[in-house]
Participant: 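Here it is, the structure in full.
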Amino acid sequence: MKVSGLLLSVAVLAALCIGADAQGQRERPKVLEAWAPQPTKLAPFIKPNALHKTLTDILARHKGQSDWAETEVLTRDYIGQYISMAPGEKTKTQFWADDRIFWVVEQGSLRFNIEGQQPFVATKGFLVQVPYRVPYSMEVVGNEPALRFEVRAAGETPAYPVSETPPKTPGITYVKADYTGQSKYDDTNKPFLDFNKEIVQDGGKGGGFVKDDHTWANVIRGKGIPTPADTSWGHFHENFPEFWIILEGQEQFLIQGEKLVTADVGDIVFAPEERWHRAEHFGSGMSTRLAITPRPPSLHYYQVGAAGGD
């Protein structure tokens with residue numbers, strides 16, 4: 001992708017969020033023109049963030065290991081890690097103060113115990129989330145390690161019910177304290193999505209899996225299309241990056257200043273803040289990505305005449 005110096009001297013479009021009319025139908029977004037601020041120098045990739053991390057390479061780095069964790073994404077808002085647990089391993093019961101935590105299960109089987117919910121076993125393709133201040137634990141069931149991609153708020157340390165013994169944590173002293181209030185599940189934020197059954201097999205729709213005032217994790221599914229021309233730039237965001245994990249098939253990404261990449265299931269793709277980025281379904285069949293951004297409804301700046309595209 002080549003973006004000339006003319007970029008910041010042309011109007012781009014600010015696509016507003018879509019509301020619902022009195023009959024509950026979705027309204028078309030109102031499109032406004034704006035002079036959108038974009039740094040002259042592209043925002044860099046700061047380690048551990050990288051354009052494209054393949055699950056194949058990640059697994060190769062941990063060949064022969066059952067218990068390991070590797071950070072794939074670290075931003076102001078989120079930390080995203082691949083975490084593997086050996087058969088029989090179990091986490092402590094814990095909760096997070098002010099943010100939901102969510103996972104994509106890639107391998108093996110995990111039994112989740114979430115306060116207020118019936119225990120369930122999540123296998124490959126499950127998306128799972130827990131609201132803030134809701135205690136939960138997970139354990140590996142079966143004879144193979146369980147691998148999950150975990151996304152949680154950056155810089156936070158978990159808290160523990162008084163019935164649990166907190167682990168020794170460098171720089172942290174746990175003190176007994178009272179607290180009030182918990183978040184909860186709702187029509188959008190459900191304990192889990194069995195993606196392979198509910199979406200792939202049963203033809204369910206994608207859409208927001210996690211959506212609150214902090215986080216939007218959006219399941220985007222469609223049929224593969226031919227690769228668009230490199231003059232189609234997609235959109236960009238102010239003040240935050242976007243990243244994706246591939247749930248099905250192949251997806252193609254064009255990030256400003258980088259080469260076109262094709263990503264497979266389990267791969268992680270990252271677009272730094274204020275860089276144009278385009279994500280498209282690729283291949284002959286269906287494909288799906290989970291797009292992760294903070295503070296919905298987030299502003300998308302599009303090329304003039306392209307609002308509503310990706």
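From a predicted model like this one, the values you see are computed outputs, not experimental measurements.
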Participant: If the plane angle is over 60° it's perpendicular, under 30° parallel, otherwise tilted; pick one for H62 and W68.
Facilitator: parallel
Participant: Please tell me whether F102 and F209 form a close aromatic pair, meaning their ring centres lie under 6.0 Å apart.
Facilitator: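 For F102 and F209, the ring centres are not under 6.0 Å apart.
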Participant: Checking side-chain polar atoms at under 3.5 Å, does Y136 have a donor or acceptor matched by the opposite partner on T91?
Facilitator: no
Participant: Quick one: do E248 and R289 make a salt bridge, cutoff under 4.0 Å?
Facilitator: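 No, E248 and R289 are not salt-bridged.
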Participant: Under a 3.5 Å cutoff, is there a donor and acceptor pairing between the side chains of Q250 and S287?
Facilitator: no
Participant: Do Q81 and T71 meet the criterion of a side-chain donor-acceptor pair at a distance under 3.5 Å?
Facilitator: yes
Participant: Can you tell whether the side chains of D213 and R295 come within less than 4.0 Å, N to carboxylate O?
Facilitator: no
Participant: Given K124 and E106, is the salt bridge (charged side-chain N to carboxylate O under 4.0 Å, His left out) satisfied, shown in steps?
Facilitator: CA-CA 5 Å; K124 180 176 174 58; E106 286 295 338; 3.4 Å; yes
Participant: We want to know whether Q252 and T227 form a side-chain donor-acceptor pair, criterion being a heavy-atom distance below 3.5 angstrom.
Facilitator: yes
Participant: Any idea which heavy atoms bring R133 and A97 closest together, and the distance?
Facilitator: NE-O, 2.7 Å
Participant: Could you walk me through whether E150 and R152 satisfy the salt bridge (charged side-chain N to carboxylate O under 4.0 Å, His left out) test, starting with their C-alpha distance in whole Å, then the side-chain angles of each, then the deciding distance to 0.1 Å, before giving a yes or no?
Facilitator: CA-CA 7 Å; E150 176 176 296; R152 63 183 190 272; 2.6 Å; yes
Participant: So, do Y132 and W96 have ring centers that fall under 6.0 Å from each other?
Facilitator: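 No, the ring of Y132 stays outside the 6.0 Å limit from the ring of W96, centre to centre.
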Participant: Answer yes if the side chains of E238 and Y301 hold a donor-acceptor pair under 3.5 Å, and no otherwise.
Facilitator: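 Y301 and E238 do have a side-chain donor-acceptor pair below 3.5 Å.
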Participant: Distance only, no hydrogens: is a donor on one side chain within 3.5 Å (strictly under) of an acceptor on the other, for Q256 and Q38?
Facilitator: yes
Participant: Quick one: do F270 and F45 satisfy side chain to side chain contact (heavy atoms under 4.5 Å, CB included)? Show the steps, please.
Facilitator: CA-CA 9 Å; F270 184 92; F45 289 92; 3.8 Å; yes
Participant: Give a yes or no on whether V104 and V128 share a hydrophobic cluster (residues Ile, Leu, Val, Met, Phe, Trp, Tyr; joining criterion: side-chain heavy atoms under 4.5 Å apart).
Facilitator: no
Participant: Centre-to-centre under 6.0 Å for W103 and F112, is that the case here?
Facilitator: yes
Participant: Applying the side chain to side chain contact (heavy atoms under 4.5 Å, CB included) criterion to K53, which one of V73, V269, I58 satisfies it?
Facilitator: I58
Participant: Quick one: sort the H237 and H235 rings into parallel, tilted or perpendicular, breaks at 30° and 60°.
Facilitator: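 Perpendicular, since the angle between the ring planes exceeds 60°.
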Participant: Going only through I, L, V, M, F, W and Y residues with side-chain contacts under 4.5 Å, is there a path from I79 to F243?
Facilitator: no
Participant: Where does the angle between the aromatic ring planes of W244 and F253 fall among parallel (under 30°), tilted (30 to 60°) and perpendicular (over 60°)?
Facilitator: tilted
